[in-house]
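Presented below is the structure to which this report refers.
All values reported here derive from a predicted model rather than from experimental measurement. The chains referred to below are lettered A, B, ... by the order of the sequence lines, with proteins before strands, and numbering in each begins at 1. The figures here come from the full heavy-atom set of this structure, side chains too, leaving out hydrogens, waters and symmetry mates.
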2 protein chains.
Amino acid sequence: MTEPSGAERDPKAVSKFVESFAAQLVEAGMQRMSARVFAALLSSDSGTMTSVELGEQLQISPAAVSGAVRYLAQVHMVSREREPGSRRERYRVHSNQWYEALTNREAIMKRWEDALREGVTSLGAETPAGRRLAETLAFFEFMESELRAMMERWRVHRERHFGDG
Amino acid sequence: MTEPSGAERDPKAVSKFVESFAAQLVEAGMQRMSARVFAALLSSDSGTMTSVELGEQLQISPAAVSGAVRYLAQVHMVSREREPGSRRERYRVHSNQWYEALTNREAIMKRWEDALREGVTSLGAETPAGRRLAETLAFFEFMESELRAMMERWRVHRERHFGDG
DNA sequence: CGCTTCTTTCACAAATTTGTGAAGTTAAGG
DNA sequence: CCTTAACTTCACAAATTTGTGAAAGAAGCG
């Protein structure tokens with residue numbers, strides 16, 4: 001089990017990583033096929049794969065690839081690009097994928113906040129329940145601004161350590 | 001639809017909040033019954049409810065309550081306490097529930113990190129794929145320490161604005 | 001245009017998840 | 001101890017989700 005040297009990639013090793021990382025994503029709530037596709041892209045040297053390549057490596061149908069990619073694109077974890085002069089599409093992981101994913105997370109929090117705000121007014125801001133909801137709401141608003149600042153710090157940190165991949 | 005004054009709680013209003021907030025949690029990946037139970041607790045004045053109360057308000061079986069509560073307790077979003085001298089159990093939302101939930105989130109990230117570390121060594125730290133995994137790993141490690149600091153800031157912020165409920 | 005190559009959509013079978021009633025377990029209070 | 005109230009576990013039916021093959025839909029290329 002020594003480190004691969006140079007050009008060769010051990011499909012076994014790749015597959016092992018793909019499946020174990022995907023399993024963790026699934027456990028955290030991601031759909032299985034999306035998780036596997038994402039892990040495969042993440043562990044590819046170029047950071048891009050075609051639909052066919054994904055289907056072959058993961059042993060899944062074109063339909064499954066299509067569904068997985070649609071979801072991943074929707075949450076901005078993968079982008080699609082057309083190979084010039086070809087009907088073949090390439091799917092790519094962003095270097096700032098996590099930034100995108102977190103930004104997307106904010107949209108979800110916004111909807112939570114909306115529901116909470118409604119709850120505060122309808123239950124009454126001065127009732128114990130209303131106060132609890134208000135505090136919860138405040139927490140999310142706090143988190144939102146903190147996350148923004150945090151991502152900016154990451155951008156800086158990353159540039160220092162990894163250059164601008 | 002004016003603000004409720006004093007003692008009365010409008011079950012319709014409570015239920016509306018419970019269902020709409022729960023729906024958002026479900027959309028973010030939480031199981032339906034757990035989401036509903038959590039929302040019900042969150043919007044109760046005392047912050048606690050018994051199994052029977054939950055079953056009645058949400059129109060679900062004792063078995064469903066049991067399952068939902070088991071999950072919520074596991075992820076530290078709810079705690080169980082025995083009413084002294086009774087076989088009745090009370091379920092309670094913590095005031096620092098979100099702190100707990102996020103701490104729990106860290107456990108998940110740790111497992112992601114483990115999978116990534118293995119990937120880096122097995123694919124080779126100097127391969128393009130290995131470098132991408134390493135950067136991803138660095139991001140999670142960064143997030144972890146930032147989250148810790150953020151929660152400490154929230155603790156302070158909260159105390160200033162809400163006292164130590 | 002029409003052929004060819006990819007991708008997406010659709011209907012369906014298989015697998016999984018969900019919530020229930022009923023039986024089982026635990027513990028308080030006689 | 002025995003009764004009984006409360007919670008949990010279990011087996012199952014219903015509902016939902018998942019992934020596929022097949023058909024339909026785009027888009028390059030001649």
Side-chain angles (χ1 to χ4, degrees), chain A residues 15 18-19 22-41 44 46 48-75 77-93, chain B residues 15 18-19 22-41 44 46 48-75 77-93:
Chain A
S15 176
V18 167
E19 297 308 330
Q24 297 302 328
L25 295 177
V26 167
E27 202 156 336
M30 192 183 286
Q31 296 163 347
R32 184 200 318 247
M33 289 296 130
S34 295
R36 296 179 72 209
V37 165
F38 181 71
L41 280 167
S44 69
S46 66
T48 75
M49 293 177 80
T50 66
S51 179
V52 177
E53 288 168 345
L54 285 165
E56 275 171 7
Q57 180 179 335
L58 302 175
Q59 287 296 308
I60 58 181
S61 71
V65 175
S66 174
V69 161
R70 171 153 35 110
Y71 170 79
L72 290 170
Q74 206 162 20
V75 300
M77 293 182 74
V78 155
S79 68
R80 2 170 47 122
E81 29 189 82
R82 198 55 138 217
E83 292 192 318
S86 159
R87 349 75 282 200
R88 195 175 285 153
E89 203 132 31
R90 300 194 73 74
Y91 307 114
R92 149 166 282 136
V93 283
Chain B
S15 176
V18 167
E19 297 307 331
Q24 297 303 328
L25 295 177
V26 168
E27 202 155 336
M30 191 183 286
Q31 295 162 348
R32 184 200 317 250
M33 289 295 131
S34 296
R36 295 180 72 210
V37 165
F38 181 72
L41 280 168
S44 69
S46 66
T48 76
M49 293 178 79
T50 66
S51 180
V52 177
E53 290 169 343
L54 285 166
E56 275 171 7
Q57 179 178 337
L58 301 175
Q59 287 296 307
I60 58 180
S61 71
V65 175
S66 174
V69 162
R70 171 154 33 111
Y71 170 79
L72 290 171
Q74 206 162 21
V75 300
M77 292 181 74
V78 154
S79 68
R80 1 171 47 124
E81 26 188 83
R82 196 64 127 195
E83 293 190 318
S86 158
R87 43 243 101 151
R88 195 175 285 154
E89 204 132 31
R90 300 193 73 74
Y91 307 113
R92 150 165 281 137
V93 282

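One atom, CZ of Arg87(A), and another, C1' of dT5(C), lie 5 Å apart when rounded to the nearest Å. Whole-Å rounding puts the Glu83(A) CD to dC29(D) C1' distance at 16 Å. The separation between Arg82(B) atom CZ and dA5(D) atom C1' is 11 Å, rounded to whole Å. We find that CD of Glu81(A) is positioned 18 Å from C1' of dA27(D), with the value rounded to whole Å. What separates CG of Leu58(B) from P of dT20(C) is a distance of 10 Å, to the nearest Å. Straight-line distance from the CD atom of Glu89(B) to the C1' atom of dT25(C): 14 Å, rounded to whole Å. In this structure, Arg90(A) atom CZ and dT7(C) atom P are separated by 10 Å, rounded to whole Å.
Using a 4.0 Å cut-off, some side-chain N or O of Ser51(A) falls inside it from OP1 or OP2 of dT7(C). For Arg88(B) and dA6(D), the shortest distance from a side-chain N or O to OP1 or OP2 is below 4.0 Å.
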Distances for protein N/O vs nucleotides 9-19 of chain D N/O pairs under 3.5 angstrom?
from, atom 1, to, atom 2, distance (Å)
dG19(D), OP1, Arg32(A), NE, 3.2

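Taking the nucleotide of DNA chain D with the nearest heavy atom to each of Val52(B) and Gln59(A), the more 5' of the two is matched to Val52(B).
Using a 4.0 Å heavy-atom cutoff across all strands shown, Arg80(A) reaches sugar-phosphate atoms only and no base atom.
Between Arg82(B) and Glu89(B), at least one side-chain N (NZ, or NE/NH1/NH2) sits under 4.0 Å from a carboxylate O, which counts as a salt bridge.
Candidate nucleotides dA5(D), dC7(D), dT4(C) were compared by shortest atom distance to the side chain of Tyr91(B), and dC7(D) ranks first.
Residues Val18(A) and Gln57(A) are in side-chain contact: their nearest non-hydrogen atoms beyond the backbone lie under 4.5 Å apart. Counting heavy atoms from C-beta outward, Arg80(B) and Val69(B) have side chains that approach closer than 4.5 Å. When side chains are defined from C-beta on, Thr50(A) does not count as touching Tyr91(A), because their heavy atoms never get closer than 4.5 Å. Between Tyr71(B) and Met77(B), every side-chain heavy-atom pair lies at or beyond the 4.5 Å cut-off.
No donor-acceptor pair closer than 3.5 Å links the side chain of Glu56(A) to the backbone N or O of Glu53(A). A donor-acceptor pair under 3.5 Å is formed between the side chain of Arg36(A) and the backbone N or O of Leu58(A).
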